[in-house]
Amino acid sequence: MKKLFLVVMTISFVVLTSRCTFTEDIEKLTNLATDSLSLVLGTPVFDTGLQLAIKNAKTNDYIEDAVVTVTVSGKDAAIVYNNLGIKSSAYKTKLGLIHLILDPTKIDSAAMLTTPKEFDLQISAPGYTSVTQRVQFERKRTRILTVNLVKLNDAPEGVVVASAPSFASSSASGSTTSTAVLPLNGGEQQLSLAPGVVLRDASGAAVTGTVTANVVYYDPTANNAASIFPGGLTARVNLGGGTRDELSLEPIGMFNIKFTAGGKSVKTFSNGGLTLKTEIPVGAINPSTNQPYKVNEKVDMWSREEGSGEWTFEKEATVKNVNGKLILEESVTHLSDHMYLRHKTPCTFRIRASFSGKVSEYNRKSNAFSIGEGVDIFYVYKDGKEKLFDRYAFRVNDDGTISSNFITEPITLDANIAKIKIVPSTYHHKKLIFSQTLFDVPTDCSNFGVNITVTEDVAPNPNLDINFNLQVSSGPLTVKPNLEIKYRKTGSGNEYSSAFLTVGSGKMSIALNTDYDVAITLGANQGKAKMKIEADGTDRYKVTFSGLSLVDILSQDEQSSSAPIVIQAQKQPDGSINVSYKVEVDADVLNQLM
Amino acid sequence: MNKILILPVLMLLLGTPAIQAQDSSPKKIGLAIGGSASTNGLGFSVIAALNRSIAVRVGYESLTQSFAEPFVYGIEDIDFNITPNIKVGGITANVDFYLLKGLYLTGGVVQTNFDLGVNLIPKDPMKIGEIEYQPEDIGELNVKILPERRLSPYAGLGFGRTISRDKKLALNFELGAYHMGSYVIDMTGTGLLQGNSDNASVKRINEVLSDFSWSGIYPVAKLGLSFRIF
């Protein structure tokens with residue numbers, strides 16, 4: 001009996017537990033070996049950086065018809081990199097967009113409060129004026145900075161561009177042979193060189209031959225003066241004797257002058273100089289007296305240091321009455337940007353923006369990133385134009401309740417700013433409505449607070465929510481990048497909206513059957529494409545990327561594909577669609593991402 | 001799974017009157033406490049003899065091993081500190097059925113603590129682009145091999161006795177295995193490696209592993225000593 005029981009139990013054990021799948025398992029093991037474990041890597045997330053938008057001052061659109069070059073100098077230039085963590089002597093873009101970051105291992109929140117990180121940007125593009133802009137960080141954050149450049153052959157109102165191919169001639173010694181005069185703006189401004197003035201280049205060598213003059217004059221009375229003046233009307237200036245201060249500039253006229261001859265650029269003059277004359281606009285107020293300018297009053301002449309872009313006091317000019325017009329006339333012995341101006345302590349204030357309200361609950365699973373709704377703050381100028389000052393975010397709780405605030409960086413008021421506009425960012429999770437969006441600027445330059453009640457537009461979203469997933473793979477290595485995809489309706493001329501991919505995933509809101517421009521900047525690589533989503537039946541969509549191009553802006557190596565990429569996507573229960581794109585690349589391409 | 005659970009239940013059911021009838025000893029019911037050393041670690045148990053042929057054992061075993069000095073392994077040009085962690089054992093409940101005086105079949109269940117893990121951290125600072133990151137900024141990767149199910153059936157063959165019939169002390173040696181369904185690989189990461197928490201290749205590997213009939217079998221070799229209280 002015992003033996004029988006033992007046999008029965010043994011047979012039962014074998015039969016019940018064995019499925020005789022050995023050969024199948026061997027095959028599966030073989031497949032497993034070839035489809036082995038892959039490693040997923042993210043790209044670094046930089047919490048402090050600068051999103052630089054370089055725009056045409058006239059069209060207010062991103063500059064894409066020229067390669068924009070940005071060089072970085074100044075105190076903390078050493079910790080500035082592109083968004084792949086690579087340093088370059090010159091960062092370039094063909095999209096009008098550059099993302100610079102500060103080395104996250106070299107910045108400290110507490111130290112930045114007392115010693116802000118600071119560097120200067122020199123921004124230039126062929127056919128455009130150049131701008132030097134100082135950037136400061138008092139805390140860890142990504143700043144938005146829009147810089148307008150003037151296109152020389154299509155200047156906006158308030159900018160006079162003059163080119164005189166035979167402005168003057170100089171002898172072998174660099175000495176001008178006759179009087180040279182270049183009137184601008186119907187004679188309201190004038191440049192003149194007396195005979196015998198010696199022209200020299202940066203090395204001090206004489207510049208000889210026929211002198212071509214290229215001059216840009218910025219009219220301070222133009223409505224758009226603040227947006228066209230290179231670097232804006234608030235600047236950190238060198239008052240001499242090592243004293244520097246942030247000042248609000250009230251220019252009477254600004255000249256950007258370039259003289260060339262025989263392939264050389266004129267930098268300095270000796271035995272005299274270049275005389276700059278400008279009429280003081282009728283009714284212009286002297287900020288020192290708060291009265292219209294009068295004869296014999298003094299007005300400063302300033303010039304801009306090359307490299308740092310810092311305005312430096314040069315001399316005082318005296319107001320003269322010539323033929324019933326008040327004029328300023330002084331000579332300079334070097335060429336740069338020159339400006340007649342009075343200045344005053346800038347009107348600087350901060351806004352404490354408090355948000356309250358309730359919106360619908362968030363589905364955190366659908367958002368890989370923390371829930372912060374974007375807020376854009378714009379200057380609104382007297383001519384109605386707007387300029388993005390910066391972008392912030394307020395916190396929304398998971399249940400949709402809002403009780404959050406932020407304090408802005410210092411906002412510097414100039415005479416052309418009429419209002420401050422605070423609106424939901426183009427980058428957002430929900431369609432939000434603010435109870436108030438336009439705010440008066442403080443006349444006493446004091447900080448002020450705004451209370452904004454937030455509600456949600458619950459009307460059906462006409463756009464389609466896209467859950468975007470991007471992977472770049474090479475062999476067993478997959479990179480799920482942290483990056484920003486910018487997108488906007490083709491031809492809209494709008495600011496780009498942003499979809500922030502976190503570990504390869506992010507969301508964007510897209511109108512059906514509409515062409516969008518999509519742009520990605522990753523270090524020196526800039527990709528661009530058109531995107532369109534069309535319904536393909538009741539619950540399927542066709543996502544088409546066309547006109548794809550990828551430029552290594554440093555090497556100018558451009559790859560483009562005329563063949564569109566088409567992705568079929570299924571409608572999800574919540575109405576959104578998942579768009580996944582996995583790119584197989586060579587290892588060296590992947591190495592560029594890491 | 002259900003089929004496999006039938007075995008210990010069957011054994012329990014079979015340990016009934018017909019077998020008990022063979023037992024003629026006056027000392028049938030007893031209670032002992034025991035200790036064991038096995039591939040599941042060190043443990044203790046309480047053993048109850050229901051009669052001369054059937055005993056019930058409930059116990060706990062545990063083996064946890066971590067390594068203070070990590071292994072260093074190079075992947076591409078990067079050295080990783082690799083620290084394995086091993087945890088096996090769990091709560092056991094078995095029925096022992098004696099075929100002979102010193103030979104028994106045993107079956108039951110184990111609530112297993114099985115957990116094999118590996119922690120990977122870059123050994124040295126790494127450069128991404130031109131920025132050098134410390135290992136803690138890069139993040140870490142944790143890979144675990146876990147059972148598909150924690151409550152697993154167990155069967156084995158033993159020599160000696162888990163509770164003595166006539167004396168105070170008893171010694172036993174047992175060979176067996178428990179079946180945890182299949183092994184499941186779990187991978188999580190932090191920092192730049194956090195994308196591995198949703199690694200598609202891990203999902204594919206788990207799908208393949210779940211199809212292996214032998215996957216998830218954990219062998220046990222155990223040496224036990226017990227002291228009969230009454």
Side-chain angles (χ1 to χ4, degrees), chain A residues 1-3 5-6 8-10 12-13 15-22 24-25 28-29 31-32 35-46 79 81-88 101 103-106 368 471 476-482 502-505 523 582 587 591-594, chain B residues 2-7 10-11 14 18-19 22 53 75-76 97-100 103 105 107 120 125-134 137-139 141 143 153 155 157 177 179 185 187 189-202 204-205 207-209 211-215 217:
Chain A
M1 181 65 192
K2 256 184 185 174
K3 285 182 180 175
F5 178 74
L6 185 60
V8 169
M9 290 301 295
T10 305
S12 299
F13 180 79
V15 168
L16 290 173
T17 59
S18 170
R19 287 160 48 202
C20 301
T21 58
F22 184 72
E24 295 169 28
D25 291 348
K28 286 172 186 170
L29 270 177
N31 293 337
L32 194 62
D35 184 21
S36 58
L37 190 66
S38 67
L39 190 65
V40 177
L41 288 172
T43 53
V45 177
F46 300 107
I79 64 168
Y81 296 82
N82 70 22
N83 62 347
L84 284 180
I86 296 170
K87 185 174 283 300
S88 177
I101 62 96
D103 182 346
T105 66
K106 300 279 172 55
Q471 296 181 36
L477 197 62
T478 297
V479 172
K480 291 185 176 179
N482 296 300
T502 306
V503 197
S505 298
K582 186 171 180 177
N591 287 338
Q592 288 183 32
L593 292 175
M594 297 301 298
Chain B
N2 289 337
K3 291 177 180 177
I4 297 166
L5 284 172
I6 288 171
L7 181 62
L10 204 59
M11 293 176 66
L14 289 175
I19 299 167
Q22 298 171 20
S53 301
I75 301 175
E76 301 279 325
F97 173 74
Y98 286 87
L99 302 172
L100 301 171
L103 178 66
L105 285 174
L120 293 91
M126 276 174 62
K127 267 195 169 181
I128 299 178
E130 296 169 7
I131 298 174
E132 188 171 82
Y133 293 84
Q134 296 303 308
D137 297 325
I138 302 295
L141 193 63
V143 184
L157 181 68
H179 190 271
I185 295 175
M187 190 188 286
T190 62
L192 298 185
L193 300 167
Q194 65 174 296
N196 289 288
S197 303
D198 184 29
N199 189 322
S201 70
V202 172
R204 287 195 297 273
I205 290 170
E207 284 168 11
V208 174
L209 281 176
D211 284 346
F212 290 173
S213 58
W214 47 267
S215 172
I217 289 178

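Since this is a predicted model, take the numbers as computed values, not measurements. Just so it is clear, the values below take in all heavy atoms, side chains as well, and ignore hydrogens, waters and symmetry mates.
Take A:Asp103 and apply the salt bridge (Lys or Arg N to Asp or Glu O under 4.0 Å) test, not counting sequence neighbours, and it matches A:Lys106. In terms of the salt bridge (Lys or Arg N to Asp or Glu O under 4.0 Å) criterion, A:Lys87 has no residue partners (sequence neighbours excluded).
Proximity of a side-chain donor or acceptor of A:Thr478 to a complementary backbone N or O of A:Val40 within less than 3.5 Å is not detected.
In this structure, no portion of B:Ile185 lies under 4.5 Å from any heavy atom of chain A. Only the side chain of A:Val503 has a heavy atom closer than 4.5 Å to any heavy atom of chain B. Proximity to chain A is absent for every atom of B:Gln134, based on heavy atoms less than 4.5 angstrom apart.
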Checklist entry - Can B:Leu103 and B:Leu157 be said to form a side chain to side chain contact (heavy atoms under 4.5 Å, CB included), step by step? => result CA-CA 7 Å; B:Leu103 178 66; B:Leu157 181 68; 3.8 Å; yes
